[in-house]
2 protein chains.
Amino acid sequence: MSRPGPRERLLQAASDLTYEQGVHVGVDAILKEADVARRSLYQHFGGKDGLIAETLRGAGVEARYRQVMDDAGDDPRERVLAVFDELDKITTRPSFHGCRYTAAELALTDPAHPAHAEVRAYKDRLHRLFEDELRRHRHPAPGFGADQILVLVDGVLAHAVTRPDAHPARAARALAEVVLDQPR
Amino acid sequence: MSRPGPRERLLQAASDLTYEQGVHVGVDAILKEADVARRSLYQHFGGKDGLIAETLRGAGVEARYRQVMDDAGDDPRERVLAVFDELDKITTRPSFHGCRYTAAELALTDPAHPAHAEVRAYKDRLHRLFEDELRRHRHPAPGFGADQILVLVDGVLAHAVTRPDAHPARAARALAEVVLDQPR
DNA sequence: GGCGGCGTATACCGATCGTTCTATCTACCG
DNA sequence: CGGTAGATAGAACGATCGGTATACGCCGCC
């Protein structure tokens, strides 16, 4: 029943605050939110950069995609389309602030920042996720199809930040159906 | 033959630096790049926020879309597809750093920042641009179709930052063809 | 011909940035 | 019981942030 240790609290606080306010939140704000001593941050993560990178690695966004798919049953077509239905819900919530990975990628100018590798790894995992579904669906070109799905997903998340009322997820869903209905 | 005034130099420098390094570049860096006195910035734009907003308004990215379309001729189908061909070139250049409007939107947390209105206005103009093309093309639902094109464009620009080697513009182009080939 | 407006240059402000430091406290383990 | 590792609290570091103030030079225009 005891609360998690400093490391977990730091990751949680960093995850929340960087999503709400971007990766440029101050270390002080994160420390206060996590209720953790300054020293613990540098002990566990070496610095702010390390904490940011580790936060992205452990965000578990990919797991939520899997969950949505699993809730949609076994049919790959329904599983993929369910993602866009979910995106329509997410992107119209007031708490929606875009894709944390895309935001981090754009905000961190320094190409040497460890976060970039995490973003790349995340998107590669997502690509594999969709590619597997398309392969099960007997899509003629699962790799290319997965690229298309990823463009749609990233497009929805990017566009909805500025024009959520346009319901980009619905527009994208119709195109995702086209990807899924390729002659096999 | 004389160089442009401080205002124009500031806009140019801000445009360059904010694209390369994000909107969090320091005022000092902009002033140095523009070779302008500190005071001139606050005289002309009231502050950094005003300069950023004005930079977005005057970036003229929309004009480049029009140019690409005009170079592609009169057929709306070819004009729209030309945009994705151009995107494939742009996104694979080393100097590519994503969509400046999306980046600004994500980086600026404060909802009251004047830049948000500029981003919204820009994307609305883009929507109108594509909607007009689709209408000329006798698309059955030009508004919805334009939403789809915008999702594809934003998706390409967002995804290419992390995975340019996936050539998201090519993946998107195939879907844009679907949008354009709707039965009318 | 002097005067106001614009641009420049530089010093300075308080605030905040990420980081390092010292010092004290607490929990666990032999 | 003693000792060690980890956590806490908080001061302080130099650097940089956006913004303001002061002083000086240049130009055109009444």
Side-chain angles (χ1 to χ4, degrees), chain A residues 1-56 103-104 106-116 118, chain B residues 1-56 103-104 106-116 118:
Chain A
M1 193 54 253
S2 63
R3 70 172 180 176
R7 185 187 150 90
E8 282 68 30
R9 275 179 287 154
L10 275 172
L11 286 173
Q12 185 62 51
S15 179
D16 293 347
L17 290 183
T18 57
Y19 185 67
E20 294 166 11
Q21 310 184 34
V23 294
H24 284 98
V25 244
V27 170
D28 292 9
I30 298 177
L31 293 174
K32 186 177 180 182
E33 172 81 8
D35 191 30
V36 149
R38 202 167 203 76
R39 198 168 208 257
S40 300
L41 192 161
Y42 294 90
Q43 199 84 15
H44 285 289
F45 302 100
K48 185 190 178 184
D49 291 359
L51 174 59
I52 298 295
E54 197 62 30
T55 296
L56 290 176
L106 290 174
L108 301 174
T109 289
D110 178 15
H113 197 291
H116 292 298
E118 300 300 331
Chain B
M1 192 54 245
S2 65
R3 71 171 178 175
R7 185 187 152 90
E8 282 67 32
R9 275 180 286 154
L10 276 171
L11 286 173
Q12 185 62 50
S15 177
D16 293 347
L17 290 182
T18 57
Y19 185 68
E20 293 166 13
Q21 310 185 33
V23 293
H24 285 98
V25 241
V27 171
D28 292 7
I30 298 177
L31 293 174
K32 186 175 179 183
E33 172 82 8
D35 192 31
V36 148
R38 199 172 198 74
R39 198 173 194 200
S40 302
L41 192 160
Y42 295 91
Q43 199 86 12
H44 284 289
F45 303 99
K48 185 189 178 186
D49 291 359
L51 174 61
I52 298 295
E54 197 61 29
T55 296
L56 290 176
L106 290 174
L108 301 174
T109 288
D110 177 14
H113 197 290
H116 291 299
E118 300 300 331

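Computed from a predicted model, the values in this text were never measured in an experiment. Labels below follow one simple rule: chain letters A, B, ... track the order of the sequence lines, proteins then strands, and each chain is numbered from 1.
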Give the residues of residues 36-45 of chain B touching DNA chain D, defined as any heavy atom closer than 4.0 Å, sorted by residue number. B/R38, B/R39, B/Y42
For A/G47, report the nucleic acid contact type (base, sugar-phosphate, nothing); a contact means any heavy atom under 4.0 Å. sugar-phosphate
When you measure from every atom of DNA chain D, which of residues 7-24 of chain B have a heavy atom less than 4.0 Å away? none
5' to 3' on DNA chain C, which nucleotides open and close the contacts with chain A (atom under 4.0 Å from a heavy atom)? C/dC17 to C/dT22
Main-chain N/O of B/V23 paired to B/K48 side chain as donor or acceptor, under 3.5 Å: yes
How long is the straight-line distance from CG of B/L51 back to OG1 of B/T18, given to the nearest 0.5 Å? 8.0 Å
A/D28 CG - D/dC17 C1' separation (whole Å): 15 Å
Specify the closest pair of heavy atoms between A/L17 and A/A29, including all atoms of both residues, with the distance to one decimal. CD1-O, 3.5 Å
Given A/L41, A/D35, A/T55, the one that forms side chain to side chain contact (heavy atoms under 4.5 Å, CB included) with A/L10: A/L41
Could you state the atom-to-atom distance from CD1 of B/I30 to P of D/dC17 in whole Å? 10 Å
Can you give me the closest heavy-atom contact between A/E33 and A/A13, atom names plus distance? CG-CB, 3.5 Å
Categorize B/D49 for me: base, sugar-phosphate, or nothing, with a 4.0 angstrom heavy-atom threshold over every strand shown. nothing
Counting N and O atoms only, with roles assigned by atom type, does the side chain of A/H116 sit under 3.5 Å from a partner on the main chain of A/L108, one being a donor and the other an acceptor? yes
Taking every non-hydrogen atom, the tightest pair across A/L56 and A/A115: CD1-CB, 3.8 Å
Starting at CZ of A/R7, measure out to CD of A/E54 and round the result to the nearest 0.5 Å. 5.0 Å
Interatomic distance, B/H24 atom NE2 to A/T109 atom OG1 [nearest 0.5 angstrom]: 10.0 Å
